[in-house]
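Contents: one structure, followed by commentary.
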Amino acid sequence: MEVEAVDEGVIGKILIDADTDNVAVNTPIALLLEDGEDSASLDNYDASGGSENTAKEEEAASAKEESSNSSASASSSGSSVSTGVDAYDASGEIPEGTEMVKMSVREALRDAMAEEMRSDERVFVMGEEVAEYQGAYKVTQGLLDEFGAKRVIDTPITEHGFAGVGVGAAFHGLRPIVEFMTFNFAMQAIDQIVNSAAKTRYMSGGQMASPMVFRGPNGAASRVGAQHSQCFAAWYAHVPGLIVVAPHTAADAKGLLKSAIRDANPVIFLENEILYGQSFDVPVLDDFTIPLGKAKVARSGDDVTIVSFGMGMTYALEAAEKLAEEGVNAEVIDLRTIRPLDMDTIIASVQKTNRCVTVEEGWPQHGVGAELSAQIMEKAFDYLDAPVLRVSGKDVPMPYAANLEKLALPSVREVIDAVNAVTYRS
Amino acid sequence: MAKKASTTRRKTKKVDKEEIQKYYRDMLLIRRFEEKAGQIYGMGLIGGFCHLYIGQEAVVVGMQSAITEDDAVITSYRDHGHMLACGMDPKGVMAELTGREGGYSKGKGGSMHMFSKDKNFYGGHGIVGACVPLGTGLAFSQKYQDTGNVTLCYMGDGTVNQGQVYESFNMAELWDLPVVYVIENNEYAMGTSVKRASSQPELFRRGESFNVPGEQVDGMDVFAVAEAGRKAVEWARSGKGPYILEMKTYRYRGHSMSDPAKYRSKEEVNKKRAESDPIEKVREKLLNEKIYTEDELKEIDKEVKSIVAQAVEFAQESPEPHPDELMTDIVA
C-alpha cells in the first residue's frame, strides 16, 4: 500500500521501511525535523508503536484460541487523553485473493454454529423451535438432521429457566448456545444472564465461569409493535463480565459467531431479523474467525467519522454514499463488538476527521452513542471541531402504525443532517 | 406421583458406627463454625449479609452422605454448611466471610458467593430461585456427558414460590435429568411463614404438576435424611429423572445477622431446640449405644473447636485482597 504523508518538512528519521505491509492507520512512519534540529538527535527515538503492533497482530492471529481477544481489550476505560492510538486494521482478516461466496446472514450464522459443533462436542444449541421447526427464523435449519436431538434441543417456552440451565451447563464444562426467539423475550432471563452468567467469574475469584453464547434477533423488525421492537445493545453493554457483539454483514456474523462460541466468556450475540435475509460476500475458508473486541473501518474517509453497528450500518453506509455525491467523504466504522469497545479505532479516526456522528436504532438516553460521545470527549477533546451528534431511535416505545414506526427509527436523512451539522454545512 | 413417605420415622436400618461418628463430627463442625461466624460478625470482622445454618445441620450432612465426591452440589445463600459438608476448607470459607485474600473467592464473593471447582460445589447464589435452573443445568451437563453423576440442588421454602423453580421442574422431568431438589423448609422465608406464603404448604407436592415425585422427610433427623437421600439419589442416578425431598427443619437464628426475629416467639425456638436438636439426637445415640464415652465426645468437641479457631485465626491473618485484584477475573 502506498501512503502519502500529510505534513510537509524535512525527514529526520524513517520509522517504517519502504514496502512494509499492513501498517496501521495513524502509525508514525517518519519523524520530521524541527527548526534547527539535527537528525542525529533522533537516533534514540523508540518507535513505541512497534512492539504493541506485534502484540496486536499476534493477538488477532490467536483469535481461535478461546478468550484471547476479548480479555486484552476489556480493561476499564481510562480518562487519559489518547494521542498515539493504533487503529485496528481489519483488512488482514480475509487474505488477499480468497474466494468469496454470496451468502445470507442467516446461512452464515447457521454455518458458524455447524462448524463449531463439528469441531467441539461440548457445543450444543438450545431454545424455542430450534430443532424440529428448524428455527423460528430458520437460523438453525438443518442442525437437527446433522447433530441430532441431543445437541439441538427444543425447549418449552421458558426463557428464564432455559437460560439458567444453559449457564449451569456452562459452569459444568459445556459450551451452550442459547437461542432466544428474539431478545425481547430474554428480558425474562436477564437475571440469569447478568447475575449468574456475567458475575460468576468475578464472584468465584476466577474459579468458575460461563463460556457460552446467548443469541437471537435484536431490535426492531417490522410492524411488530413496542414489545417486540427494542435494541438491547446498551443494556448488556453496561454489564462487566459480558461480551456484546452485533454484526452487520454475513462475513462478520460468521467470523464473530465462531469466535463467540470459542470465547471463555458469556457473549451476547445480537442479530437482526431484517438482516437475516440480506446477502454479503463471505470468504471460503476452512476456519474463518474474526476477533471479538475489534471494530472495522467499513468505508474510509477524511471529513467525518460515522460510528454504528448492526442494522444501524445500513443507514450509515447509505448516508455515506449520498454524502460522497455531495463531496463529503465520510469514514464509517462498524463497531461489531459493543463491549469491549474498540475505542482506539474510533479515536484514531476522530483524530483524522475531527467530527463524529453515532448511529443506532436503540433509545438515545444512556445509549451506545451516549457512551461513545463521552469517551470521545474524554480521549480526543482537543481533536473535535464540533460536538459529537447522536442519531438514534426516538425516545418512545415502538409504535405500530407504519408511518409512526418509520418516524421512530433513525433514517438516512437524519444521518446526513447530523453530518451536515458537524461539518457546518447546514 | 408425590407421596408422603413415613413423615418422620425412619425404618430400622442398621447404621454403621463410622457413619454415626461422621454425622456427629460433620454437624458439630458446622454448628461451631456458624456460632463463631456469628460471634465475629458481632465483632465487625464480617460485613454485609451473613445467613447462619444453625439448626439445619442434619439436612446437608445427611444428604451429602448419599452422594459421591464427583456429584455436584449447588445452593442458595445460606451456604456455609453446604461448603463444609462438601469438604471445603473451613479456613478458606471463614477467610471469604472476612473478605480476605485467602478466601475461596479471594475475598471478592463474600458469604453468599463461594465456589469450589475441586469439591464440585457450584455456589453460593444470592438471588432466591436462581440456583434451581443452574442446578438443573449441572444435571443437564452430567447427562449430556454421560458422567453417571447427580446434582443436589438445595433451596429454601421461600424459593419454591419463584417461577423459575417450576420451569426447572418441567425441563428436568421432560429430559430425565439426574437432579435431586432438596427443599429445606425451615418454616420461614425471612419473616414470612410458609402458611402465609404458600397456597400449597406441603412443599414436597410442588412437583405434582410435572410428574416429579416428592417426599417429606424429618430434616432434624440425620438418619432419616440420609436414608431418603440415598433413595432419591438412586432414583436420579438410575435415569428416572428428578426427585423432590422436602426437609422439615428449623433455623435457630434469625434470617440473617440483622434479623430481630419478631415473627416468631422465643418459646417456639426454645421448644424446637430442646426437643429436636439434630446434633443432640446423635449425641444421645452415640452414648446410649456406647459408641463413644462422654470423654471421647469432649475430645471431639475440642478438636472441632480447634479447627474453627484455626479458621478464624487464618481469616484474620490473611491480608485483604491486593488493590490490583479489583480489576481481575472479570473476563478471561
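Lettering follows sequence order; numbering is per chain, from 1. These figures come from a predicted structure and were not determined experimentally.
Within residues 184-193 of chain A, the residues approaching chain B closer than 4.5 Å by heavy atoms are, in numerical order, A:D191, A:Q192. Taking non-hydrogen atoms and a 4.5 Å limit, the residue list of residues 128-146 of chain B in contact with chain A, ordered by number, reads B:A130, B:P133, B:L134, B:T136, B:G137, B:L138, B:F140, B:S141, B:Q142, B:Y144, B:Q145.
Both the backbone and the side chain of A:S204 come within contact range of chain B, with heavy atoms under 4.5 Å apart. Of the two parts of A:P156, only the side chain, counted from C-beta on, holds a non-hydrogen atom closer than 4.5 Å to a non-hydrogen atom of chain B. For A:I157, no part lies near chain B; criterion is any non-hydrogen pair under 4.5 Å. Heavy atoms closer than 4.5 Å to chain A are found in the side chain of B:L174, but not in its backbone. Heavy-atom distances place the backbone of B:F121, and not its side chain, under 4.5 Å from chain A. At a 4.5 Å heavy-atom cutoff, B:T151 makes no contact with chain A through either its backbone or its side chain.
Taking A:G241, A:P176, A:G173 one by one and counting their heavy-atom pairs under 4.5 Å with chain B, the maximum is reached by A:G241. The residue among B:F115, B:Y166, B:Y104, B:W175 with the most heavy atom pairs within less than 4.5 Å of chain A is B:F115.
In this structure, NE2 on A:H172 lies 4.0 Å from OH on B:Y122, to the nearest 0.5 angstrom. Atom CD in B:E167 sits 10.0 Å away from atom OG1 in A:T155 (nearest 0.5 Å). Between the NZ atom of A:K199 and the NE2 atom of B:H125 there is a distance of 13.0 Å, given to the nearest 0.5 Å.
Across B:K117 and A:Q207, no two heavy atoms sit closer than the pair N-OE1, 3.1 Å. Across all non-hydrogen atoms, the minimal contact from A:G205 to B:K106 is O-CE, 3.0 Å.
B:N170 is not listed as a side-chain neighbour of A:T158, based on a closest heavy-atom distance of 4.5 Å or more.
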